[in-house]
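Contents: one structure, followed by commentary.
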Amino acid sequence: MRVGSPEGEYWLVDRHHLTRTLWQMGIKKTTVKVIAHLQDKATFWSQMEKNHWVWLKNEKGQSITPQQLPKHIADLPDYPYRSLADQLQDEGYFDKKKQVYFVEFAWASWWGITWAGSPSMRAT
């Protein structure tokens with residue numbers, strides 16, 4: 001799913017990791033659903049946050065600005081703790097539909113902070 005910006009850009013707001021994997025496999029085109037067109041440049045990012053369409057943290061759980069978001073799917077960093085959260089969700093340990101927005105990213109951030117000191121668990 002993606003959201004249109006006042007500048008005519010489109011921001012991917014879901015299925016980033018699947019899209020990155022498809023890109024790495026050589027699949028460069030796919031169908032996406034546009035869920036909104038936000039027209040007010042002054043409030044674009046606050047609307048993105050209000051609608052839970054953007055996670056402004058990097059793969060280490062550190063806050064970032066919208067300008068620091070990857071500009072291309074190929075630039076999306078590896079996020080090993082997010083991948084772990086996705087696997088645990090698939091195994092039934094939590095259901096993101098019944099919990100807070102970005103629950104998998106919240107878990108990934110917590111693991112990144114908690115396990116950061118362990119060489120065997122350090123994120124790359």
Side-chain angles (χ1 to χ4, degrees):
M1 294 188 298
R2 60 187 191 169
V3 172
S5 76
E7 292 87 8
E9 299 173 313
Y10 286 93
W11 289 87
L12 191 62
V13 297
D14 198 11
R15 301 290 179 199
H16 306 81
H17 294 85
L18 172 62
T19 304
R20 182 176 185 252
T21 300
L22 292 172
W23 181 265
Q24 289 174 319
M25 292 172 58
I27 300 169
K28 307 299 185 201
K29 293 183 180 184
T30 188
T31 303
V32 296
K33 180 179 179 181
V34 177
I35 58 171
H37 289 278
L38 302 178
Q39 301 301 319
D40 187 354
K41 186 176 181 176
T43 62
F44 178 77
W45 289 108
S46 63
Q47 289 180 61
M48 291 284 282
E49 287 185 292
K50 178 182 174 188
N51 287 294
H52 307 285
W53 291 334
V54 65
W55 176 256
L56 292 176
K57 293 188 185 280
N58 66 15
E59 69 279 9
K60 296 177 184 168
Q62 302 162 332
S63 294
I64 60 171
T65 65
Q67 293 74 25
Q68 293 173 294
L69 289 168
K71 302 294 186 246
H72 191 278
I73 198 66
D75 298 329
L76 188 68
D78 184 28
Y79 200 161
Y81 296 126
R82 166 60 180 82
S83 297
L84 173 62
D86 191 50
Q87 181 66 37
L88 291 173
Q89 179 190 347
D90 288 348
E91 296 293 327
Y93 286 92
F94 66 89
D95 180 359
K96 78 181 205 176
K97 292 180 180 116
K98 296 180 181 178
Q99 296 194 25
V100 298
Y101 288 101
F102 299 116
V103 66
E104 68 274 30
F105 287 96
W107 274 113
S109 292
W110 184 81
W111 288 322
I113 292 166
T114 302
W115 295 337
S118 172
S120 63
M121 298 300 290
R122 191 169 291 134
T124 56

Exercise. Without swapping roles, check the side chain of Arg2 against the backbone of Tyr10 for a donor-acceptor pair under 3.5 Å.
Key: no
Self-check item: Exceeds 12 heavy-atom contacts within 6.0 angstrom, atom NZ of Lys71
Solution: yes
Practice problem: Give the cluster check for Leu56 versus Leu76: same hydrophobic cluster or not, with ILVMFWY residues linked at side-chain heavy-atom distances below 4.5 Å. | Solution: no
Quiz item: Is it the case that more than 12 heavy atoms not belonging to Lys28 sit under 6.0 Å from its NZ atom?
Solution: yes
Practice problem: Take the angle between the ring planes of Trp11 and Phe44 and call it parallel below 30°, perpendicular above 60°, tilted in between. | Solution: tilted
Quiz item: For the side chain of Gln68 and the backbone of Thr65, is there at least one donor-acceptor N/O pair under 3.5 Å apart?
Solution: yes
Practice problem: Verify the cluster assignment for Met1 and Val54: are they in a single hydrophobic cluster under the rule of side-chain heavy atoms below 4.5 Å apart? | Solution: yes
Quiz item: What heavy-atom pair brings Leu38 and Gln47 nearest, and what distance separates the two atoms?
Solution: CD2-OE1, 3.1 Å
Quiz item: What's the spacing between Asp75 CG and Trp23 CH2 if we round to 0.5 Å?
Solution: 10.0 Å
Quiz item: Going from CD1 on Ile73 to CG on Leu12, what distance comes out if it is rounded to the nearest 0.5 angstrom?
Solution: 5.5 Å
Self-check item: Spacing of Asn51 atom CG and Ser46 atom OG [to the nearest 0.5 Å]
Solution: 9.5 Å
Quiz prompt | Side-chain donor or acceptor of Lys57 paired with backbone N/O of Ile64 under 3.5 Å | solution = no
Quiz item: Can you find a heavy atom in the side chain of Val13 that is under 4.5 Å from one in the side chain of Met48?
Solution: yes
Quiz item: Is Ile27 reachable from Leu18 through a run of I, L, V, M, F, W or Y residues, each pair having side-chain heavy atoms under 4.5 Å apart?
Solution: yes
Quiz item: How many angstroms lie between atom CD of Glu7 and atom CD of Gln39, to the nearest 0.5 angstrom?
Solution: 10.0 Å
Self-check item: Minimum-distance pair of heavy atoms, taken over all atoms of Trp45 and Leu69
Solution: CH2-CD1, 3.6 Å
